[in-house]
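Scroll down for the structure; my scribbles are underneath it.
Quick note: numbers below take in every heavy atom, side chains included, and nothing from hydrogens, waters or symmetry partners. Naming convention: chains lettered A, B, ... in sequence-line order (proteins, then strands); numbering from 1 in each chain.
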Amino acid sequence: MPELPEVEIIRRELSPIMFRERIVDIEIFDTKIQLQPNDILNKIIIELVRKGKYLFLILNDSSSLLFHMGMTGSLIYTTARENLRFQRVLISLSQGFISFCDARRFGKIKYLSEIDREKFEQTLGMDPLLSEYSWNNFERLLVKRTLPVKNFLMNQAWIAGIGNIYASEILFLSKIHPEKRVNDLTEQEKRSLFDVIPLVLKKAILGEGTTIRDYQHTDGSRGSFQNCLQVYNREGKPCFTCGSPIQRIKIAQRSTYYCPHCQKM
DNA sequence: CATTCATCCTGCTGGC
DNA sequence: TGCCAGCAGGATGAAT
């Protein structure tokens, strides 16, 4: 489900709620999620950190709880204890409750020591909203790559945070065909990509995230950026720029949307 | 090393 | 109304 913008929204909403809260209890209703309650019980949350699509709850002994939403995961805050649909984990805080709900069970929660968190963060590529995102680093990533540019954008080891929706959106705004091979990109196209990536992600955050079906804010409400999407989920509809019908193709088994007129090979 | 592909899950939607 | 194929915001490890 959530890509970088949606996870960032979750982080921003939960930060003031969870800051300095104690983890009083944790209940796990899904055998796929393996946590030792003793690792985290009675620890205090001192910070929420996001990198790419991952969210870390940093605890007062510098260990952390890592959340990944997978396709359908959400974190819901309630003031009273509730049984929510698809609830997999329930964390009781000193004040309030956080439910991890996840219909498809692709989401993950892991306990990490400080060392393990550092190691894990190193496996992720640069986050387009952090200062590590630079033209030098970006340019270096592109060298000698022959895969389609859409696959390049979605590899979390190179750039962290872009998923299937925003990959299509970024390529539309950059006027690049999603199947174009990275080593065939012109200098201008590379520059454009570099600039458009953070632009689209920031706009999506301002637009409260994209809810096609499952994404929810931490109070259960929906995003609104789905109304601003240029190509994703718009097969057959007219391009907002030129009126040509938006095409849907499969790249690496994932639906990919583009305008055949505005995005040439 | 770089790239592609099947697989993990469950639920919803649209067509017949 | 009921059934079933096809689809879904992701990541991984095995195969090529």
Looking only at side-chain N and O atoms, does [X] come under 4.0 Å of OP1 or OP2 in [N]?
| X | N | answer |
| --- | --- | --- |
| Lys144(A) | dC1(B) | no |
| Gln156(A) | dG10(C) | no |
| Tyr166(A) | dG9(C) | no |
| Arg254(A) | dG9(C) | yes |
| Arg104(A) | dG11(B) | no |
| Lys250(A) | dA8(C) | yes |
| His68(A) | dG10(C) | no |
| Asn164(A) | dA8(C) | no |
| Lys32(A) | dC8(B) | no |

In dot-bracket, 5' to 3', how would DNA chain B read with Watson-Crick or G-U wobble pairs under 3.5 Å, [ ] for crossing ones and | for pairs to another strand?
.|||||||.|||||||

Rounded to the nearest 0.5 Å, how far apart are CD1 of Ile58(A) and CZ of Phe19(A)?
13.0 Å

Between Arg181(A) and Ala103(A), the residue closer to the 5' end of DNA chain B by nearest nucleotide is Arg181(A)

Nearest-angstrom distance from the residue atom [atom1] of [X] to [atom2] of [N]:
| X | N | atom1 | atom2 | value |
| --- | --- | --- | --- | --- |
| Arg145(A) | dT4(B) | CZ | P | 12 Å |
| Arg88(A) | dC9(B) | CZ | P | 12 Å |
| Met69(A) | dC9(B) | CE | C1' | 17 Å |
| Leu55(A) | dG10(C) | CG | C1' | 16 Å |
| Leu142(A) | dA2(B) | CG | C1' | 15 Å |

Please work out if [X] contacts a base, only the sugar-phosphate, or nothing of the nucleic acid, heavy-atom cut-off 4.0 Å.
| X | answer |
| --- | --- |
| Asp102(A) | nothing |
| Leu147(A) | sugar-phosphate |
| Lys108(A) | nothing |

Quick check: on DNA chain C, is the nucleotide nearest Tyr54(A) upstream (toward 5') of the one nearest Ser255(A), or the reverse? Name the residue that is more 5'.
Ser255(A)

Counting side-chain heavy atoms from C-beta on, which of dG9(C), dG10(C), dT4(B) comes nearest to Met154(A)?
dG10(C)

Counting heavy atoms from C-beta on, name the nucleotide in dA8(C), dG11(B), dT3(B) closest to the side chain of Arg85(A).
dG11(B)

Residues Arg181(A) and Thr146(A): side-chain donor-acceptor under 3.5 angstrom
no

Give the intermediate values and the outcome of side-chain hydrogen bond (donor to acceptor under 3.5 Å, both in side chains) for residues Gln226(A) and Thr210(A).
CA-CA 5 Å; Gln226(A) 62 277 10; Thr210(A) 301; 5.2 Å; no

Might you work through the side-chain hydrogen bond (donor to acceptor under 3.5 Å, both in side chains) test for Tyr215(A) and Glu208(A), ending with a clear yes or no?
CA-CA 11 Å; Tyr215(A) 171 65; Glu208(A) 303 172 320; over 6 Å; no

Would Phe106(A) count as stacking on dG10(C) if stacking means ring centres less than 5.5 angstrom apart and planes tilted under 30 degrees?
yes

Presence of salt bridge, Arg104(A) and Asp214(A), under 4.0 angstrom
no

Checking understanding here: a glycosidic angle within 90° of 0 is syn, the rest anti, so what is dG9(C)?
syn

